[in-house]
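Single-structure report; data block below.
Treat the numbers as computed from the prediction; the structure is a model and nothing was measured.
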2 protein chains.
Amino acid sequence: MPKTTTWDERALLLLGVLTTQSQHGYQINDFIENRLCRVADMKKATAYAQLDRLHAAGMIEIEIAQVGNRPPRKVYSITEPGRALFHDLLATNLATVEAPAFAGDIGLMFMNHLPRAEAIAALRRRLAQLDTLIANQPMPPPHGGKLNLDLAVDHIVAVRRADRDWLATTIDRLEAEATLPNPHPQAAANPLS
Amino acid sequence: MPKTTTWDERALLLLGVLTTQSQHGYQINDFIENRLCRVADMKKATAYAQLDRLHAAGMIEIEIAQVGNRPPRKVYSITEPGRALFHDLLATNLATVEAPAFAGDIGLMFMNHLPRAEAIAALRRRLAQLDTLIANQPMPPPHGGKLNLDLAVDHIVAVRRADRDWLATTIDRLEAEATLPNPHPQAAANPLS
DNA sequence: TTTTCCATGTAACTCGTTACATGATTTC
DNA sequence: GAAATCATGTAACGAGTTACATGGAAAA
């Protein structure tokens, strides 16, 4: 055993795609970019690298297929160990809560460094974006086989909607506070300790 | 113009911390790890690298301070251009919707590849975790200065709660389906595929 | 005929993390 | 005296993205 690779959601994604059907690289990337783009995001080069790793670990097999004069295809198939790994990764993924990404919350922490009106205006733009995203959320094309895209999309929509509601409520609250005489006691210069 | 660096939330985070008060590296990392850990996550080495980049770009100044025989401190202060950058990054961050991380949704897509009971059991474990996280969500220690940690934490809690509710509802629905005669057409063993 | 699609990949770049290295001071 | 804390950083590693390179086939 030369190396112990730690598998993550990308491995789960690829194994899942290959569990449904053996495919070659272009097909896999196409599928992820077009069908799964709302749930998963993986670039071509990343997929190739992951596929290599999975192959090196014996989780998938590669078979060369030539069609006419076209460039040869590498058809990837999941192996028996690969199915076992997929099963484990899937069960773990379902049972695990992901750590929340901080991206959007950093700004909230420092919101008081902006004039109230400006901050609220910015948050309004965020709200508008969220509304747009929620409004034209096209249900993805019909899913084939056992793929349950709807569930994932439904989850994303639910969370986004909660995000939206929180934002709307918060903006209202901030605006109400803005009209009060002394919104924040610590507005005066106050070194942090 | 030698290079155009693209600033992200990490730059925003560090500039925000330094806007509040000039600090040296250890203080900054300590602050992020202890006070902001629930909202932001940045490792020591990453912070040092970012601070170097910000310094190279003239966004922060470095001043050496010696205290007794201790190792010299590098005290970082935000500059005028740094404040301008902070302002822009902050406004943009507040006005922008972050792309959702896919981590937890990959599994949902492939859920049907697991026996229903097993999948539901896994989701129950996720639910239990979420409940725990929501239950002992200690309000962070009193925030000093203009830092508005509460708002960010409140947001995280709101989203988590929505996540939890969605999960609970979904589990119920899946269980209801499981007791029906023919929950999914392709559930039966199919010799052809 | 030119563009787009099919189909493969790789090199360079950047970034974040882990683990290590160093040494003084304070606390138990 | 030992352990934790203060305070600095760097080297190695792994991983993801961008951009590039190649060429046949189908479509406009």
From CG (B:L123) to CE (B:M111), nearest 0.5 Å:
6.5 Å
Rounded to the Å, how far apart are B:I62 CD1 and D:dA7 P?
17 Å
Would you tell me if any nitrogen or oxygen in the side chain of B:Y48 comes within less than 4.0 Å of OP1 or OP2 on D:dT10?
no
Salt bridge present between B:E177 and B:R116 (N-O < 4.0 angstrom)
yes
For atom CG of A:N29 and atom P of C:dG9, their distance in whole Å
11 Å
Rounded distance in Å - CG (A:D30) to P (C:dC6)
7 Å
Once rounded to the nearest 0.5 Å, what's the spacing between atom CD of B:E80 and atom CE of B:M59?
11.5 Å
When rounded to the nearest 0.5 angstrom, what is the spacing between CD in A:Q23 and CG in A:L14?
10.0 Å
Atom CD1 of B:I28 and atom C1' of D:dT8: how far apart are they, to the nearest Å?
13 Å
Under the side chain to side chain contact (heavy atoms under 4.5 Å, CB included) test, residues paired with B:T170 that sit two or more places apart
A:L151, B:W166, B:R173, B:L174
Quick one, give me the B/S/- string for nucleotides 15-28 of chain C, reading 5' to 3', where B means a protein heavy atom under 4.0 Å from the base and S means that only happens at the primed atoms, P, OP1 or OP2.
SSBB----BSS---
Does B:Y26 put a side-chain nitrogen or oxygen below 4.0 Å from OP1 or OP2 of D:dT8?
no
Looking at B:E63, I'd like to know if its CD atom is crowded, meaning that more than 12 non-hydrogen atoms belonging to other residues, nucleotides or ligands lie closer than 6.0 Å.
no
Quick one: A:L51 CG to C:dT10 P, roughly how many Å, whole number?
12 Å
B:T20 OG1 to A:F110 CZ distance, which is reported to the nearest 0.5 Å
6.0 Å
Rounded to whole Å, please give me the gap between CH2 in B:W7 and C1' in C:dT14.
14 Å
Separation of atom NE2 in A:H24 from atom P in C:dA7, rounded to whole Å:
4 Å
How many Å lie between CZ on B:F31 and C1' on D:dT5, as a whole number?
19 Å
For DNA chain C, which residues of residues 72-79 of chain A approach it to below 4.0 angstrom with any heavy atom?
A:P72, A:R73, A:K74, A:Y76
Between B:Y76 and B:H24, does the ring centre distance come in under 6.0 Å?
no
Check whether B:R126 reaches the backbone of A:L94 with its side chain - one donor and one acceptor, N or O, closer than 3.5 Å.
yes
